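Report on one structure; see the data block that follows.
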Amino acid sequence: MSRYEPSQIEPKWQETWDKAGVFTARRDAAKPKYYVLEMFPYPSGRIHMGHVRNYTMGDVVARYKSSCGFSVLHPMGWDAFGMPAENAAMERGGHPKDWTYGNIADMRGQMKPLGLSIDWSREFATCDPEYYGQQQAMFIDMMEKGLVYRKAAVVNWDPVDMTVLANEQVIDGKGWRSGAVVERRELTQWFFKISDMAGDLLDSLDGLKDWPEKVRLMQANWIGKSRGLQFGFETVAAPAGFDRLEVYTTRPDTLMGASFAGISPDHPLAKELEKTNPQIAAFVAECRRIGTSEEALQTAEKLGMDTGIRVKHPLDPNWELPVWIANFILMDYGTGAIFGCPAHDQRDFEFATKYGLPIKAVYLAEGAEDAPLTDAFVPMKSERVQYVRGIAGNKPMTGDEGVAEAIALAEAKGFGQGVTKFRLRDWGISRQRYWGCPIPVVHCATCGVVPEKKENLPVELPYDVSFDKPGNPLDRHPTWAATACPKCGAAARRETDTMDTFVDSSWYYARFTAPRAATPTVAEDAEYWMNVDQYIGGIEHAILHLLYSRFFARAMNETGHLPAKAREPFNALFTQGMVTHEIYKTSDDKGRPVYHLPEDILRSETGATLKDGTVVEVIPSAKMSKSKKNVVDPMNIIASYGADTARWFVMSDSPPERDVEWTASGAEAAFKHLTRVWNLCSRIGELPADHQGKDDAALLKATAKAVDEVTKGIDGFAFNKAIAGLYAFTNVLAKADASTPVMKQAIRTLAQLMSPMTPHIAESIWSYQGGAGLCAQAAWPKADPALLVDDTVTLPIQINGKRRAEISVPKDMAAAEVEKIALANEDVVKFLAGQPVKKIIVVPGRIINVVV
RNA sequence: GCGGGUGUGGUGGAAUGGUAGACACAGGCGACUUAAAAUCGCCAGGGGUAUCCCGUGCGGGUUCGAGCCCCGCCACCCGCACCA
């Protein structure tokens with residue numbers, strides 16, 4: 001074997017795999033199937049280390065499962081619609097379509113050298129008309145099933161650019177491009193009825209055993225099921241039509257501590273009042289400038305204004321509460337109106353303190369005095385408290401019991417009803433943008449909103465659009481929207497809204513099972529390949545993408561596009577961490593920060609400088625981002641060290657769910673290690689066939705141990721531990737003096753164990769050492785359980801919990817015997833110094849603790 | 001603000017409630033070399049003359065025993081419905 005030169009071997013093996021069709025997914029009735037999927041990338045044009053890590057993880061699983069005898073599906077595609085393409089068109093000219101397909105070609109070219117075991121024959125982009133046409137067909141089916149509807153909803157409106165802004169484009173309440181103060185504006189928009197499935201989406205989380213607990217928790221909290229009381233306050237001095245104010249509360253037990261009623265600035269009553277009251281109009285307008293994101297609303301300073309209207313307390317008609325408009329009350333949750341109980345809600349407490357509203361405790365900590373509160377008292381609902389202004393008498397009970405009693409009382413008295421509500425809102429999918437899937441409906445003057453005929457699909461995006469004017473290019477296209485009504489044939493106008501790109505990514509996993517079909521899915525293929533056995537992606541998708549996908553799979557099942565078993569499409573989920581890197585910063589002559597690429601930096605023990613010697617500030621690691629320039633281009637790593645080194649590095653060290661910091665020395669170390677394995681392979685290859693060594697038994701044992709560790713590591717998504725095991729095994733093998741066949745067997749096993757991570761070098765070693773066929777297709781090695789157990793164990797001896805000595809005993813020695821040996825130990829005797837032993841704990845095979 | 005998570009040597013990290021620091025990086029020493037690089041071998045949490053003491057973000061608690069469990073903080077990261 002010559003020198004280790006990745007650039008020589010990597011393309012060669014990729015071509016070999018390709019020609020042999022090793023990664024082509026086939027429906028094979030004789031084999032169990034395994035579908036591994038990584039979240040598909042947005043085609044930004046350059047792959048980054050995060051991609052390398054994400055796709056290598058999936059590749060390790062795919063290659064491993066394939067070796068274990070599964071028929072594997074491991075596809076790749078492109079999440080290709082979205083705003084960056086339109087932004088690029090606006091900023092640099094060009095067309096979103098050309099930009100996107102150009103980026104896809106570039107990124108595919110960067111991904112292929114990684115040697116991923118992907119079935120490229122199934123590749124598609126969501127902006128392919130073949131894909132989004134099928135999406136339109138499903139939209140129409142879902143319309144028929146009543147899963148789609150239209151209603152008014154608020155958007156961020158930029159009055160200068162005359163366009164709707166995404167939340168991320170609203171910075172401090174201003175449009176990112178125009179700098180104009182953003183307004184909230186109502187538009188009629190399309191929605192999916194995800195709220196209809198809220199209960200199922202919540203309950204089914206329990207069945208997702210192989211999802212991270214944290215993701216299930218986040219989804220459960222997001223869906224937000226609550227039990228509470230809905231009731232109407234009778235109003236005093238309210239405008240006509242507002243004689244009642246409907247309120248929802250999860251804490252009806254605190255009704256006797258109410259000190260005000262509050263409504264959202266978007267509440268119909270607020271909208272009515274602003275018509276006639278300029279002060280209220282000004283206040284509400286101020287509130288609406290915050291934008292539409294919940295984060296912005298809740299982090300803004302709490303502001304309120306007394307409307308002058310009052311409501312009567314439902315239990316005491318003589319008790320009147322003022323009605324305030326408050327900027328932190330969300331119109332989307334409950335009824336958009338609340339009552340405030342400052343004593344038991346932190347936010348209400350601050351609000352009441354600020355505006356001088358009364359604060360009266362409803363319950364106290366058991367044993368506490370009813371004194372004026374200096375802060376809100378907010379115990380867990382499960383905690384027992386002493387009620388002093390209980391709705392049905394004063395006694396100690398838990399908050400949960402108090403709530404149940406309050407609901408029962410309200411129902412008995414007839415002023416309110418116990419209701420179950422969800423926080424989850426319907427999924428608004430309308431986007432007033434060009435580069436998305438057109439919503440396939442037609443607006444007809446006589447027939448109203450009519451779905452396009454299926455035979456007319458796809459409703460394709462026109463190519464001849466311009467981005468030099470504000471607004472939606474589809475809306476101002478001279479001819480595109482003009483069409484005939486599918487129902488009556490009269491002249492009609494197409495919907496110019498396109499779909500949220502989350503729709504595109506909510507079913508791509510299903511499309512991969514039959515990517516070229518003339519229907520969204522094909523029953524036999526979906527039946528064979530679904531569900532995704534292992535889904536891998538970033539934690540940032542824990543809620544929206546995954547929840548929308550779960551909804552969409554259900555909707556596809558109800559419209560006949562997926563089998564019932566696929567209603568939960570992802571059997572197992574793994575969320576990986578980010579790739580981070582330190583940031584290098586200098587300042588320009590005006591003091592503005594200037595960032596530098598890692599490749600332009602020289603590091604030394606004292607710090608970092610540019611190549612011209614300028615001292616650079618080093619900022620601790622953060623997520624790689626273009627704006628901070630703390631990016632490492634995988635292509636450079638592959639060019640210098642090869643794909644196997646890049647793959648090895650991103651899998652080693654950091655546990656996959658955690659962030660990994662990219663360091664140049666780490667990459668170099670990975671390369672050195674692979675070179676060492678290569679050289680070791682050469683040396684073993686040159687051993688005389690009849691060489692006899694003394695380490696046969698030890699090496700066989702070490703080999704079995706490595707097989708066991710790596711198998712467990714990959715199965716448990718602990719790739720870093722698998723790699724640590726491979727390092728340890730390599731160290732043993734490098735020092736071993738065993739007979740030639742045992743040595744060869746060991747290095748072939750090493751190659752196999754490495755091959756999911758570093759498939760190219762593994763293939764070279766495998767073929768050099770006489771492995772049969774391709775390493776990529778060889779059966780995964782099994783460890784002989786007999787070789788995994790040690791005959792003797794070393795037991796530490798603690799005295800009062802501190803380690804003082806250790807003994808070596810046969811592994812299955814009786815506890816009483818171990819105890820005797822331990823107490824007779826020289827060091828133990830010395831430490832005890834004659835003190836009486838109170839207790840001795842022997843944990844077989846682990847530890848002995850002597851308590852004195 | 002709300003929801004979720006993370007925190008261990010100089011660095012990345014390992015550790016079913018049972019020897020804290022596996023494996024690796026950086027570092028030190030040695031071998032080889034005219035020399036260097038590469039490679040190979042050894043050392044290595046901190047303190048201390050010591051067989052000792054201290055150590056898993058901070059403060060408490062449970063336990064024979066806590067990095068791990070519980071309570072209260074701090075810092076950072078992810079999400080918050082039109083970024084993908």
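These values consider heavy atoms only, across backbone and side chains, with no hydrogens, waters or symmetry-generated copies. What you see is a predicted model, and the numbers here were worked out from it, not measured in a lab. Numbers restart at 1 for each chain; the letters A, B, ... are given by sequence-line order, proteins then strands.
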Spell out yes or no: do the side chain of [X] and the base of [N] have one donor N/O and one acceptor N/O closer than 3.5 Å?
{"X": "A:Glu295", "N": "B:rC80", "result": "yes"}
{"X": "A:Glu540", "N": "B:rC77", "result": "no"}
{"X": "A:Gln432", "N": "B:rC82", "result": "yes"}

Let me know the distance between NZ of A:Lys302 and P of B:rC2, rounded to the nearest Å.
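So the two atoms are 8 Å apart, to the nearest Å.
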Consider side chain to side chain donor-acceptor pair (under 3.5 Å). Of A:Thr163, A:Asp158, A:Asn87, which one does A:Arg177 pass it with?
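Only one option passes, and that is A:Asn87.
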Identified side chain to side chain donor-acceptor pair (under 3.5 Å) counterpart of A:Arg431 within the set A:Asp500, A:Asp497, A:Asn472, A:Thr501
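Among the candidates, only A:Asp500 passes.
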Decide, for B:rG41, between syn and anti: a glycosidic angle within 90° of 0 counts as syn, anything else as anti.
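Anti conformation for B:rG41.
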Of the nucleotides [options], which has the atom closest to the [X] side chain?
{"X": "A:Arg425", "options": "B:rA81, B:rG1, B:rA84", "answer": "B:rA81"}
{"X": "A:Lys214", "options": "B:rG5, B:rU19, B:rC23", "answer": "B:rG5"}
{"X": "A:Thr794", "options": "B:rU19, B:rC82, B:rA84", "answer": "B:rU19"}
{"X": "A:Leu544", "options": "B:rC82, B:rC54, B:rC80", "answer": "B:rC80"}
{"X": "A:Pro655", "options": "B:rA14, B:rU39, B:rC42", "answer": "B:rA14"}
{"X": "A:Asp653", "options": "B:rU19, B:rC82, B:rG12", "answer": "B:rG12"}
{"X": "A:Ser654", "options": "B:rA81, B:rG12, B:rA84", "answer": "B:rG12"}

What pairs of residues pass the side-chain hydrogen bond (donor to acceptor under 3.5 Å, both in side chains) test when at least one of them lies in residues 716-732 of chain A, not counting sequence neighbours?
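Every side-chain hydrogen bond (donor to acceptor under 3.5 Å, both in side chains) pair that includes a residue of residues 716-732 of chain A, provided the two are not neighbours, is A:Trp648-A:Tyr727, A:Arg676-A:Asn731.
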For [X], which contact category applies under a 4.0 Å heavy-atom criterion: base, sugar-phosphate, or nothing?
{"X": "A:Ser430", "value": "base"}
{"X": "A:Asn731", "value": "sugar-phosphate"}
{"X": "A:Ala542", "value": "nothing"}
{"X": "A:Phe502", "value": "base"}

[N], OP1 or OP2 - any side-chain N/O from [X] closer than 4.0 Å?
{"X": "A:Lys705", "N": "B:rA22", "answer": "no"}
{"X": "A:Lys721", "N": "B:rA15", "answer": "yes"}
{"X": "A:Arg658", "N": "B:rG5", "answer": "no"}
{"X": "A:Thr501", "N": "B:rA84", "answer": "yes"}

Can you give the dot-bracket line for RNA chain B, using ( ) for pairs inside the strand, [ ] for pairs that cross earlier ones, | for pairs with another strand and . for unpaired bases, where Watson-Crick and G-U count if both distances are under 3.5 Å?
(((((((..(((.....[....))).(((((.......))))).(((....)))..(((((..]....))))))))))))....
A:Asp504: which residues meet the salt bridge (Lys or Arg N to Asp or Glu O under 4.0 Å) condition with it, sequence neighbours left out?
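A:Asp504 satisfies salt bridge (Lys or Arg N to Asp or Glu O under 4.0 Å) with no residue once adjacent residues are dropped.
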State which residue, out of A:Tyr434, A:Trp435, A:Phe502, fulfils the ring pair (Phe, Tyr, Trp, His ring centres under 6.0 Å) condition with A:Phe81.
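When ring pair (Phe, Tyr, Trp, His ring centres under 6.0 Å) is applied between A:Phe81 and each of A:Tyr434, A:Trp435, A:Phe502, only A:Trp435 qualifies.
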Short heteroatom pairs, N/O only, protein and nucleotides 46-51 of chain B, under 3.5 Å:
unit_1, atom_1, unit_2, atom_2, d
B:rU51, O2, A:Lys830, NZ, 2.9

Any chance you could lay out the side-chain hydrogen bond (donor to acceptor under 3.5 Å, both in side chains) test for A:Tyr535 and A:Trp211, step after step, and finish with the verdict?
CA-CA 9 Å; A:Tyr535 196 31; A:Trp211 280 42; over 6 Å; no
5'-most by nearest nucleotide on RNA chain B - A:Glu668 or A:Leu424:
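Closer to the 5' end of RNA chain B: A:Glu668.
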5′-ward residue of the pair A:Arg804/A:Asn221 relative to RNA chain B
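It is A:Asn221, whose closest nucleotide lies nearer the 5' terminus.
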Pairs of donor and acceptor atoms involving the side chains of residues 836-848 of chain A, under 3.5 Å and at least two apart or interchain, shall be tabulated with distances.
none

For A:Met218, the option from A:Ile223, A:Leu546, A:Ile543 that meets side chain to side chain contact (heavy atoms under 4.5 Å, CB included):
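So, applying the side chain to side chain contact (heavy atoms under 4.5 Å, CB included) to A:Met218 and each of A:Ile223, A:Leu546, A:Ile543, only A:Ile543 qualifies.
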Neighbour count above 12 (heavy atom, 6.0 Å) for A:Lys421 NZ
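Counting neighbours around NZ of A:Lys421, more than 12 heavy atoms of other residues, nucleotides or ligands fall under 6.0 Å, so yes.
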Using a 4.0 Å heavy-atom cut-off to protein, can you give one letter per nucleotide of nucleotides 59-75 of chain B, 5' to 3': B if the base is in contact, S if only the sugar-phosphate is, - if neither?
-----BS----------
Value rounded to 0.5 Å, distance of CG in A:Leu303 from CZ in A:Phe351:
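One finds 8.5 Å between CG of A:Leu303 and CZ of A:Phe351.
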